[in-house]
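Taking it in order: structure first as structure tokens, then the write-up.
Each chain gets a letter, A, B and so on, in the order the sequences are listed, and its residues count up from 1.
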2 protein chains.
Amino acid sequence: MLPSGPHARVENWIPNLPSVPTLDDVARSAGVSTATVSRCLNSPERVVEHTRKRVMAAVEQLGYTPNFGARVMAAKRTFTIGAIIPTMENAIFARGLQAFQEALHARGYTLLVASSAYQPKIEEEQIRSLVARGADGLLLIGHDRDPAVYAYLRARSIPVLSAWVYLPDCDQPTVGFDNRASMRALAQKVIDFGHRSIAMISGITEGNDRAAARLAGLRDALGENGLDPDAVPVIETPYEIENGAIAFQTLMQRDMAPSVVMCGNDVLAVGALRGARELGLSVPQDVSITGFDDIELARIVEPQITTVHVPHREMGRRAAEALIDIVEKRNSGASVELQSTVRMRGSLRDLSV
Amino acid sequence: MLPSGPHARVENWIPNLPSVPTLDDVARSAGVSTATVSRCLNSPERVVEHTRKRVMAAVEQLGYTPNFGARVMAAKRTFTIGAIIPTMENAIFARGLQAFQEALHARGYTLLVASSAYQPKIEEEQIRSLVARGADGLLLIGHDRDPAVYAYLRARSIPVLSAWVYLPDCDQPTVGFDNRASMRALAQKVIDFGHRSIAMISGITEGNDRAAARLAGLRDALGENGLDPDAVPVIETPYEIENGAIAFQTLMQRDMAPSVVMCGNDVLAVGALRGARELGLSVPQDVSITGFDDIELARIVEPQITTVHVPHREMGRRAAEALIDIVEKRNSGASVELQSTVRMRGSLRDLSV
DNA sequence: GATTCAAATGTAAGCGCTTACACTGCGGTC
DNA sequence: GACCGCAGTGTAAGCGCTTACATTTGAATC
């Protein structure tokens, strides 16, 4: 090699050669050709045991690790999947991404991560960046984005999967749940409990189809129960606890204070709860609050929050599997629907009893 | 597929040519050599304007994007940084990683993520995987690991940065805070408040120098105040809310129930709080609880938790900057110490009044 | 013992890019 | 007018790997 290996001292003579072992070094050391070494690594069954053992020993002894760039060039595959999420700071994405990464790893893939801070412009830039890096496939959150993005990806034959939404009729595969139906189901419970004066604190719906679907789900339920879908007071605000508190107080100080404030996610709901506490209102006696997502927070506050449970970990895992299946051409990508379930807890009062 | 995407029909004509333009195509189209095109892209000032414009037009017109793998091979740089964290599910890592990624992106780097689930074996495997993928540098959490790992990295000249710890005497750069001193400071407050019967719920210390340092910090404070450092009851348990609750109950049911239970992090503290509630004990009247990290959870529970505030976001950002500086050889990597601060809140009772 | 044909292994051609080095041509200089 | 230096450009050698194809090996068959 310039002898390499764990005990190589070469760099003492030639300062600029840290002498990382290459396939060639392994081949020489094991007394075989590079092709055989490559086969040992990529399709071991094609090499007879006796040789394979010798090669593996050399690999071990030299501390050889294949060079990624070279491998990519020769094989046209990176075994890398890119994911772009709004932010890791929201527990639902952190959890989903964690599961996604674990599943990827189990299948021999590595995760490239970027975040968009909920901004379409940044997201597009990140998509290009991950594609340029050779991501074999891409995980995106939601599906509502500029068609040009999908065209770009299609032109480069990069499979994309949208998660956190379930859109059976969409031409891209999705892995998620029906945000709209989930919120409708929760709202139905709320209405069943006798609530008629309902307000909502929603996430920003522009460019966020999940938030928009949840709001739509509430309106669906209202309409189905003879209530006016357009009369519901809605405040849109970014997903931050503090914003939930502020929005809650704004809603409660209107002429007709609602009997329940439904929130676009648990973070906002926890904020609303804090807002209620600050106003001296007790939950659920004076006002009810609901959330969405069922993150840990929802069960930690007092009272615990009635919310919609979403299997985030499973979503991450299934997304990884579905995406790899497409990348490896095992199928063309059917969407996967996961079930969400309403979790009744203390923050919602039953007015009908 | 080959070409995927619903509208790709190309494979009907020329099965193996999805025809992604290469440097060569651009060169031919612009009537220059590949070297000139490459220079236009990498060091434009070395090409005369007239030529450059022609080349850029060709790039634009063909929709050329450089091939990452090839570039890596030839240039030996990936502009990719790898990070291996225990898990994204802990808010402190999610937050730090988010900031890390943002800072990386601002400098033109992309983040490769892997997680170890607190298991050294998995971590080592992930390190190899990220190195193989050509990460220009690596972010690791804590510094306590097999020397062979550092030898491996050194042999490959991969810069490593340890975060979440501050070790000025270490031969690797670190960006973090002094876990031991931080816990000592908190324990001192606890002792100042008149507590003498102290117990601790610690994270698993094996292979986790942060957890070990926190425990050591408590012992330091005890020793300095004439209390027996070895008499303190300690339960080690993984960082999960449920475990905190269980450990808390175990501690309280001993002969000498402590007046305060100090926890290795806020997650355990929240669990302890729940454990107290289940036992019918009120905090801080019957027993005090402290945490560590100051995650959102700590301010959401009732009472709010006395804890040590750690600037996770800043840590992520500074780590990114320091690591890139090393990668780009702007310096050889001085450690950065961040300040943690004790946050006094309702969960700790002052017995001295 | 000669022949056959898998199985095992080797040979070598790229993959698309960067960059050291070679070349070209032009405006000074002597 | 021969020579120099230099900016601008071209030539071509790899980078480390995978893989199509060529070659060797050896067990099985006749």
Side-chain angles (χ1 to χ4, degrees), chain A residues 1-2 4 16-56 58-59 62-80 131-134 136 156, chain B residues 15-56 58-59 62-79 131-134 136 156-157:
Chain A
M1 339 191 220
L2 309 158
S4 79
N16 287 325
L17 288 184
S19 79
V20 175
T22 69
L23 231 216
D24 234 66
D25 298 325
V26 177
R28 206 166 313 131
S29 153
V32 299
S33 72
T34 59
T36 300
V37 178
S38 176
R39 278 189 282 259
C40 278
L41 266 25
N42 300 303
S43 36
E45 75 284 356
R46 298 184 51 200
V47 177
V48 82
E49 162 144 18
H50 154 254
T51 319
R52 198 191 324 141
K53 271 171 71 175
R54 195 149 38 94
V55 170
M56 288 322 227
V59 166
L62 294 177
Y64 169 75
T65 326
N67 174 301
F68 178 67
R71 190 170 235 184
V72 169
M73 274 207 72
K76 311 264 178 228
R77 289 286 310 281
T78 62
F79 287 94
T80 296
V131 167
R133 290 188 132 69
D136 288 338
R156 285 180 169 56
Chain B
N16 287 324
L17 287 184
S19 82
V20 175
T22 71
L23 233 215
D24 233 65
D25 298 327
V26 177
R28 206 167 314 128
S29 154
V32 297
S33 73
T34 59
T36 299
V37 177
S38 177
R39 277 191 283 259
C40 278
L41 266 25
N42 299 304
S43 37
E45 75 284 358
R46 298 182 51 200
V47 177
V48 82
E49 162 144 18
H50 155 254
T51 321
R52 197 187 330 138
K53 269 171 72 176
R54 196 150 38 97
V55 171
M56 288 322 230
V59 165
L62 294 177
Y64 169 75
T65 323
N67 174 303
F68 179 67
R71 190 170 233 181
V72 168
M73 273 207 73
K76 313 253 177 244
R77 287 288 310 285
T78 62
F79 287 93
V131 167
R133 288 187 134 69
D136 289 336
R156 285 176 172 60
S157 314

| If you measure from CZ on Arg28(B) to CG on Leu62(B), what distance do you get to the nearest 0.5 Å? | 10.0 Å
Just the rounded figure in Å: distance from [atom2] of [N] to [atom1] of [X].
{"X": "Phe68(A)", "N": "dC15(C)", "atom1": "CZ", "atom2": "C1'", "answer": "14 Å"}
{"X": "Glu49(A)", "N": "dA8(C)", "atom1": "CD", "atom2": "P", "answer": "12 Å"}
{"X": "Arg46(B)", "N": "dG10(D)", "atom1": "CZ", "atom2": "C1'", "answer": "13 Å"}
{"X": "Arg52(A)", "N": "dA8(C)", "atom1": "CZ", "atom2": "P", "answer": "10 Å"}

| request: Using the side chain to side chain donor-acceptor pair (under 3.5 Å) rule, collect all pairs that involve residues 33-44 of chain B, keeping only residues at least two apart or in two chains. | output: Ser33(B)-Thr36(B), Ser38(B)-Asn42(B), Asn42(B)-Arg71(B)
| said: For the residue pair Arg133(A) / Thr80(A), report whether a side-chain donor-acceptor contact shorter than 3.5 Å exists. | reply: no
| message | Classify Val72(B) by what it touches in the nucleic acid, base, sugar-phosphate, or nothing, heavy-atom distance under 4.0 Å. | response | nothing
Would you call [X] and [Y] a side-chain contact if the rule is heavy atoms closer than 4.5 Å?
{"X": "Thr65(B)", "Y": "Val131(A)", "answer": "no"}
{"X": "Leu23(A)", "Y": "Tyr64(A)", "answer": "yes"}
{"X": "Phe68(A)", "Y": "Phe79(A)", "answer": "no"}

Polar-atom pairs under 3.5 Å, protein N or O versus N or O of nucleotides 17-19 of chain C: list them with distances, or write none.
| residue | atom | partner | partner atom | Å |
| --- | --- | --- | --- | --- |
| dC17(C) | OP1 | Tyr64(B) | OH | 2.2 |
| dC17(C) | OP1 | Asn67(B) | N | 3.3 |
| dC17(C) | OP2 | Leu23(B) | N | 2.3 |
| dT18(C) | OP1 | Asn42(B) | ND2 | 3.0 |
| dT18(C) | OP1 | Arg71(B) | NE | 3.0 |
| dT18(C) | OP2 | Ser38(B) | OG | 2.6 |

| Looking only at heavy atoms, what is the nearest atom pair of Arg52(B) and Val47(B), with distance? | NH2-O, 3.3 Å
| Which comes earlier along DNA chain D counting from the 5' end, the contact point of Met73(B) or that of Thr51(B), where each point is its nearest nucleotide? | Thr51(B)
| Nearest-neighbour nucleotide for the Ser33(B) side chain, dG16(D), dG10(C), dG10(D) considered | dG10(D)
| Donor-acceptor contact below 3.5 Å, side chain Thr78(B) vs main chain Gly134(B) | yes
| field | Bend angle of the helix from dG1(C)-dC30(D) to dC30(C)-dG1(D), end axes from five pairs each (to 10°) | value | 50°
